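Beneath this line is the structure, given in structure tokens, with notes to follow.
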Amino acid sequence: MDKALQVSAIKNGTVIDHIPAERLFDVINILSLYKSQNMITFGTNLDSKQLGKKGIIKVENRFFQGEEIDKIALIAPNAKLNTIKNYEVVKKRVVEIPDEIISIVKCFNPKCITNHEEIITRFTVISKKPIELKCQYCEKITTEDEVVIK
Ligand code: CTP
Ligand code: ZN
């Protein structure tokens, strides 16, 4: 017998799986899912072989792209995006951190000009695992634990 799913299967939409448990609500926030009209189910602190504890979000009839996926990658670098069509997983992708991050993230340096003027932040990704972002204005490094999404 198949073991029961911890969060019910969906018919059409996206399953964001393997989110670090403590980042679950950050993902909900950066995707503005709290104001979505779509049907959403989620769980956190679920058992995971890979992560120990994981979070999962299932959104009916939403398919994420571009900047939305970059945002997910920044706070949940090992997340897997599963596209569900008629109950089947038709596509599975691992999110990937781009080489340059424009906007999205706040610079960790409180003195950085981007934290004082209306300037779009720009970072060069100097490491993807763990994430290290070098600000193109102040040259300070923002690390994975310090990433705050704007
Ligand atoms: N899923 C779902 N609704 C469906 C089909 C799948 O919610 N109709 C969910 C599953 O519960 C799982 C994820 O989508 O969390 C990926 O499904 P699947 O690839 O079948 O599971 P695994 O092989 O366990 O995934 P992984 O490779 O990510 O470990
Ligand atoms: Zn800076």
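One-based numbering, in listed order, for ligands and for the atoms of each. Residue indices begin at 1 and follow the sequence shown. Worth saying up front: this structure is predicted, and the values here are computed from it rather than measured.
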### Query
Between D17 and K58, is there a side-chain N and carboxylate O pair less than 4.0 Å apart?
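Salt bridge absent between D17 and K58.
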### Message
Check E68 with R62, please: is the shortest side-chain N to carboxylate O separation under 4.0 Å?
### Response
yes
Please list, in number order, the atoms of ligand 1 under 4.0 Å from a heavy atom of [X].
X	answer
D17	12 (C), 13 (C), 15 (O)
I56	15 (O)
A9	2 (C), 3 (N), 4 (C), 7 (O), 8 (N)
K92	16 (C), 18 (P), 19 (O), 25 (O), 26 (P), 27 (O), 28 (O)

#### Entry: Selected option - heavy-atom contact closest to atom 9 (C) of ligand 1, from V15, L46, N12, T14
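Of the listed residues, V15 has the closest heavy atom.
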#### Entry: Closest to atom 13 (C) of ligand 1 among V90, N82, V94 (heavy-atom distance)
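Heavy atom nearest to atom 13 (C) of ligand 1 belongs to N82.
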Going by heavy atoms in the side chains, are [X] and [Y] under 4.5 Å from each other?
X	Y	answer
L46	V7	yes
N115	C107	yes
D26	I149	no

### Task
Using a 4.0 Å heavy-atom threshold (strictly under), name the region of K58 that reaches ligand 1: side chain, backbone, both or neither.
side chain
### Query
What do we get for V7 next to ligand 1 when only non-hydrogen atoms under 4.0 Å count, side chain, backbone, both or neither?
neither
### Message
Do V94 and I69 sit in one hydrophobic cluster, given that two such residues count as connected whenever their side-chain heavy atoms are within less than 4.5 Å of each other, even indirectly?
### Response
no
### Task
Identify whether NZ of Lys or CZ of Arg in K85 sits under 6.0 Å from the centre of the six-membered ring of F63 and within 45° of that ring's axis.
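Yes, a cation-pi geometry holds between K85 and F63.
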### Message
For atom 17 (O) of ligand 1, what is the closest protein heavy atom, and at what distance to 0.1 Å?
### Response
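Answer, as residue, atom name and distance: V89 CG2, 3.6 Å.
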### Query
What protein heavy atom is closest to atom 3 (N) of ligand 1, reported as residue, atom name and distance in Å?
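Minimum-distance protein heavy atom for atom 3 (N) of ligand 1 reads I10 N, 3.0 Å.
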With a cut-off of 6.0 Å (strictly less than), are more than 12 heavy atoms of other residues, nucleotides or ligands near [atom1] of [X]?
X	atom1	result
F42	CZ	no
F64	CZ	yes
K53	NZ	yes

#### Entry: Within-shell test, H18 vs ligand 1, heavy atom, strictly < 4.0 Å
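Yes, that is the case, since the closest heavy atom of the residue is under 4.0 Å from the ligand.
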### Sphere of radius 2.8 Å around the Zn ion (ligand 2) - protein N, O or S atoms inside
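N, O, S partners closer than 2.8 Å: C107 SG, C112 SG, C135 SG, C138 SG.
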### Message
Quick check on atom 24 (O) of ligand 1 - does any protein heavy atom sit closer than 4.0 Å to it?
### Response
no
### Query
Do we see a donor-acceptor contact under 3.5 Å between the side chains of D145 and T143?
no
### Message
For V125 versus P98, what's the shortest heavy-atom pair and its separation?
### Response
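Reported closest heavy-atom pair: CG2-O, 3.0 Å.
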